[in-house]
There are 2 protein chains.
Amino acid sequence: MKKKITLKQIARELDVSISTVSKALKNSKEISKDTTEKIQAFAKLYHYKPNNIALSLKNRRTRNIGVIIPDIVHHFFTTVFRGIEQYANTKGYNVIACVSDESFEKEVINMELLANGSIDGFIMALSAETQLKNDFHHLIEIIDQGMPLVLFDRVTDEVICDKVVINEVICDKVVINDFEASYMAVKKLIENGRKRIALITTESYLNVSEKRAQGYYKALEDHDLELDENLILRLPYQFEDETMSEAFFASNNLDAVLCVNEIFAVRAMRIAQNNGMKIPEDVAFIGFTDGILSKLANPALTSVAQHGERMGNIAAKMLIEKIERDDEIERDDEIETEEESFRTEVIKATLIERESTIN
Amino acid sequence: MKKKITLKQIARELDVSISTVSKALKNSKEISKDTTEKIQAFAKLYHYKPNNIALSLKNRRTRNIGVIIPDIVHHFFTTVFRGIEQYANTKGYNVIACVSDESFEKEVINMELLANGSIDGFIMALSAETQLKNDFHHLIEIIDQGMPLVLFDRVTDEVICDKVVINEVICDKVVINDFEASYMAVKKLIENGRKRIALITTESYLNVSEKRAQGYYKALEDHDLELDENLILRLPYQFEDETMSEAFFASNNLDAVLCVNEIFAVRAMRIAQNNGMKIPEDVAFIGFTDGILSKLANPALTSVAQHGERMGNIAAKMLIEKIERDDEIERDDEIETEEESFRTEVIKATLIERESTIN
DNA sequence: TATTAACACGAAACCGTTTTCGTTGTTGAC
DNA sequence: GTCAACAACGAAAACGGTTTCGTGTTAATA
C-alpha cells in the first residue's frame, strides 16, 4: 500500500525545493529543461496528482457544487440531478448530493454543513415542509454570506406587500410554466369534448401543485365550464391507495382527469379501470412529469414533460456562471461592484400525447 | 454581504492569538473563564463555524464519501443511494455523487478526480462497459493507495485460475443472492403449474443478469424441464419496444416469463396483453427490482425485491467502519498490522407476490 | 574589468485550522 | 528570598499546495 505522494516527498527525493517541483510540474519556464524533465518523469512514475483539499484551501474554491433535493427516489428530481451532474462535469465541477427528505430541519442542517467551505454554491428544490412553514431564513443567510444559490422547481414565491414585491429570497431560479402548462392541458381536454374534468392534486402548500390548480381553474373559466369542487381531489403527498376512493370515479360522472404528477395519474387510471371505465373512451387522463411510468403505463399516459434534464443543465449553468463571475471580481483589484442581477429562467413544458387521451 | 469569519479575524478583533481563540472555542481549560466567554460570545454573534476544507487538510479526513453509480435515473440505484445517504448522514458524512453513465472512461475519470483528497472512501456499482471490458485496474489502483472501497450489486467476480481463487479486486462487497432469488422465482412458477417458462434478460456481460440466468437454468434442470433456447430473449440494456417482438409471445406457447428487471417485465406484459393474452391466467410474469413500476403496473407485477435501501445502509456501514478503523490505526503508534479482512455481505432477496402470478 | 541582465532555483508567506511546546507572571511553600 | 508549580496565553509547525520575491551564478555588455 503506497499512500499518495506529495510535492514535499518528490522534493526530498530529488533534492530540490518544493517550489521547484511545483513549478516544474506546471512547466514554468523558470525551471531548466533538465530539472523539469527529471521531476515530471518522477512524478509520472509515482502517479502524482495534486491534492484537491490543499488546492481548495489555497484557491478558496472547491469546484464542488451542493445539490439538495427533497427525495432521491423520484423520477423528476433524478432527471434534474442528471442534468446538473452532466453540465457540472463538463465544467470540471463535482456534485455533492444531500437529501432533505421533505424535512425542514434536514434541509437546514445539510445546508449549514455544506456551507462551511465544502462547496462553491447551491442548487436546490425546497422541501415540502419548508414550503409549508414558509421559513426561508436559512436561504437568506446563505445568500448573505455571498454563496451563490439557484432554486429549481420548488422555489419561493414573490411575497407581495402593499403592492410592492418583497421577495425575500433573492437568487436565480429555474422553473417550468406550471400555470400555462396546466391551462393548455385542460384546454386540450376541453377541445376534445370533455366537459366534466377532475383535478387530482396534493394538499395545496406545494407551490407547483397550487400553480397547476390555478391553470386548471382558469382554463375552466375561460371555456365557460363551471368549477365543481366535487371534481377536485386533494391527496396527501404520500398516500395509500385506499385514500383515492372508487366513489370519486363512480359518482362524479367525470370524463377526464388532470393529475399533478404521474403517480397520481397511474393510480387513478387503475382505479377507474377497475371501476369498469374505458380509457380514453369513457375518461381521459393527463399527468405531470413525463417519466417512465407515463411511458410504460397501460394505456400509455399523456403527460406534461417537465424537461428535468434541461432544467438541471440550466440551473448548473446559472450557478457556475455566478461562481466564476464572483471569482473574477475577487481577483480584480478594481472593486467595480456592478450590480448583481438575478434571473428566473422559465422552461416551457410540453404535452406528450399518448393513449390516455387519444381515441 | 458578510463573508464567513475566520479564527484569525476573531483573534485580531479581540486582540488575542489565534491559538487562544481556537482553544477557547473548544472549552480548553488552558484559557481563563473570562476570555473563553468573551470569545465564545463573539464567535456566536458572527456565526463562526470552522472551515471544513481547513479541517480536512489538517485531519487528512474529509468526512465525504464518494458514490459512483452507472445511472441516476434508475429506481434501484437511487434506492441504494438513499440508503447510503441515510446511514452516512447519521455518522456525519456527506455523499459526493458521480454518475458513470455506464461508461468505463467516465468511471475512471470520476474516480481519479475524487481520489485526490476529496473523499475518504468509495462506494460504487460497476458500469456496464467496465464489466464488459473486464478491466479493473482503476479499482486496484485505488485500493493500492489505501482508499477503502465497497462494491455493491454490480461487483467483480472471483477469477478462478488453476483452482485457485484469484480475485484481483479485493474489497468489501454487498450483493443480493441473485442466483437463489432467480431459482426460487422459477421454482414458484413451476409449482404453480407453469411449464413453458421464458427468460428475458440482457446481453450477458452484466454480472447480475448472468447470475439470474444461471438460477433460471438450474431451476428448470432440477424440475426436469427442458431448456428451450427459443424461450430465452436477450435484449440490449436500453432497447426499443420493437426489439421485443410480438412473435416471441405468439409463437412460443409460453405460460410464464421471468424478467431480469421490472422495465423488461412491464414492457413484456404490455406486448403480451396487446397480443390478447390474459395475465396471469394465460401467462404469469415475475420481474426483478421491486420498484414503483411493479407496484403500479396493471396488473401489479410480482417482483423480486432487492432491498436497495438496506444494501445502501450496509455498504455505507462497511465503508465507514473501514475508514474509521484506518483512522485509529494511523493514530496508533503501535503499528500492529492486524491483517485486513474483507467481507462480502449477501442480502436475501424476497419475492413480492402480486397479481401477475396469483390467479 | 565592472555592471548588469538572464537564468535557475530556494525561502517564505498564505489559505484556516489544530496542537505542541514554550514563555510569561503570579502564587505558595520552604 | 528562592524555587517550583501553575495559570494563561502565544509562537510555530503542520496539513499540501501556489506564488511572490529574493539570491547566487553565469554570461553578455559597456
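Naming convention: chains lettered A, B, ... in sequence-line order (proteins, then strands); numbering from 1 in each chain.
- Near DNA chain D, meaning a heavy atom under 4.0 Å away, there are no residues from residues 39-48 of chain B.
- Rounded to whole Å, the distance from CG on B/N52 to P on C/dC15 is 18 Å.
- Taking only side-chain atoms of A/S19, from C-beta outward, the nucleotide of C/dT18, D/dG17, C/dA12 with the closest atom is C/dA12.
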For this session: Check the pair B/I142, B/M111 against side-chain contact (heavy atoms from CB on, under 4.5 Å), reporting the backbone distance first and the verdict last.
Result: CA-CA 8 Å; B/I142 287 298; B/M111 288 192 75; 3.4 Å; yes
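- Applying the salt bridge (charged side-chain N to carboxylate O under 4.0 Å, His left out) rule to B/E30 yields the partners B/K23; only residues at least two apart in sequence or on another chain are considered.
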Distance-only donor-acceptor hits, side chain of residues 42-49 of chain A, under 3.5 Å, sequence neighbours excluded:
none

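- One interatomic measurement links the two molecules: CG of B/L7 to C1' of D/dG10, which rounds to 14 Å at whole-angstrom precision.
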For this session: Report the C-alpha separation of A/E129 and A/K133 in whole Å, then their side-chain angles, then the decisive distance to 0.1 Å, and conclude whether the salt bridge (Lys or Arg N to Asp or Glu O under 4.0 Å) test is met.
Result: CA-CA 6 Å; A/E129 205 187 342; A/K133 293 182 72 158; 5.1 Å; no
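- Listed by first and then second residue, the salt bridge (Lys or Arg N to Asp or Glu O under 4.0 Å) pairs that reach into residues 2-19 of chain B are A/D144-B/K2, sequence neighbours excluded.
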Distance-only check: which donor-acceptor pairs under 3.5 Å involve side-chain atoms of residues 117-126 of chain A, not counting sequence neighbours?
{"residue": "A/S118", "atom": "OG", "partner": "B/N52", "partner atom": "ND2", "Å": "3.0"}
{"residue": "A/D120", "atom": "OD1", "partner": "A/T62", "partner atom": "N", "Å": "2.8"}
{"residue": "A/D120", "atom": "OD1", "partner": "A/T62", "partner atom": "OG1", "Å": "3.0"}
{"residue": "A/D120", "atom": "OD2", "partner": "A/T62", "partner atom": "N", "Å": "3.1"}
{"residue": "A/D120", "atom": "OD2", "partner": "A/R63", "partner atom": "N", "Å": "2.8"}

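- In the region residues 8-17 of chain A, proximity to DNA chain C at under 4.0 angstrom, judged on heavy atoms, holds for A/V16, A/S17.
- Counting heavy atoms from C-beta outward, A/H74 and A/F81 have side chains that stay 4.5 Å or more apart.
- Within the structure, ring-ring contact (aromatic ring centres under 6.0 Å, His included) contacts touching residues 10-37 of chain A (residues at least two apart or in different chains) do not occur.
- Rounded to a whole Å, the CD1 atom of B/I18 is 14 Å from the P atom of C/dA13.
- When atom types are taken as modelled, the side chain of A/N64 and the backbone of A/G66 share no donor-acceptor pair closer than 3.5 angstrom.
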For this session: Take A/R154 and A/E102, measure what salt bridge (Lys or Arg N to Asp or Glu O under 4.0 Å) needs, and give me the verdict at the end.
Result: CA-CA 11 Å; A/R154 305 245 205 107; A/E102 302 287 10; 2.9 Å; yes
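- In this structure, A/N27 places its CG atom 15 Å from C1' of C/dA8, rounding to the nearest Å.
- Relative to the side chain of A/K23, the nucleotides D/dA11, D/dC21, D/dT18 differ in distance, and D/dC21 lies closest.
- Contact annotation: side chain of A/K4 to base of D/dG16, donor-acceptor pair absent below 3.5 Å.
- With rounding to whole Å, A/E37 atom CD is found 12 Å from C/dC9 atom P.
- In this entry the distance linking NZ of A/K26 with P of D/dT20 reads 11 Å, nearest Å.
- For the side-chain hydrogen bond (donor to acceptor under 3.5 Å, both in side chains) with B/S127, the qualifying choice from B/E105, B/E107, B/K106 is B/E107, the only one to do so.
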Could you list the donor-acceptor pairs under 3.5 angstrom formed between side-chain atoms of residues 89-97 of chain B and any protein atom two or more places apart in sequence or on another chain?
{"residue": "B/T90", "atom": "OG1", "partner": "B/Y87", "partner atom": "O", "Å": "2.7"}
{"residue": "B/Y93", "atom": "OH", "partner": "B/E324", "partner atom": "OE2", "Å": "2.9"}

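- With respect to the salt-bridge test (charged N to carboxylate O, under 4.0 angstrom), the residues A/E321 and A/R325 do not qualify.
- Under the side chain to side chain contact (heavy atoms under 4.5 Å, CB included) criterion, A/V73 pairs with A/D71, B/H75, B/T78, B/T79, B/R82, not counting sequence neighbours.
- Side chain of B/T6, nearest nucleotide from C/dG16, C/dA11, D/dG17: C/dG16.
- Looking at B/N116, its side chain does come within 3.5 Å of a backbone N or O of B/E112 through a donor-acceptor pair.
- Helix bend of the helix from C/dT1-D/dA30 to C/dC30-D/dG1: the angle between its two end axes, each built from five pairs, comes to 80° after rounding to 10°.
- Applying a 4.0 Å cut-off to non-hydrogen atoms, the residues of residues 53-62 of chain A that approach DNA chain C are A/L57, A/K58, A/R60, listed by residue number.
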Identify each atom pair where a protein N or O and an N or O of nucleotides 4-8 of chain D are less than 3.5 Å apart, giving names and distance.
none

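- In terms of modelled atom types and a separation under 3.5 Å, the side chain of A/N59 and the main chain of A/R61 share no donor-acceptor contact.
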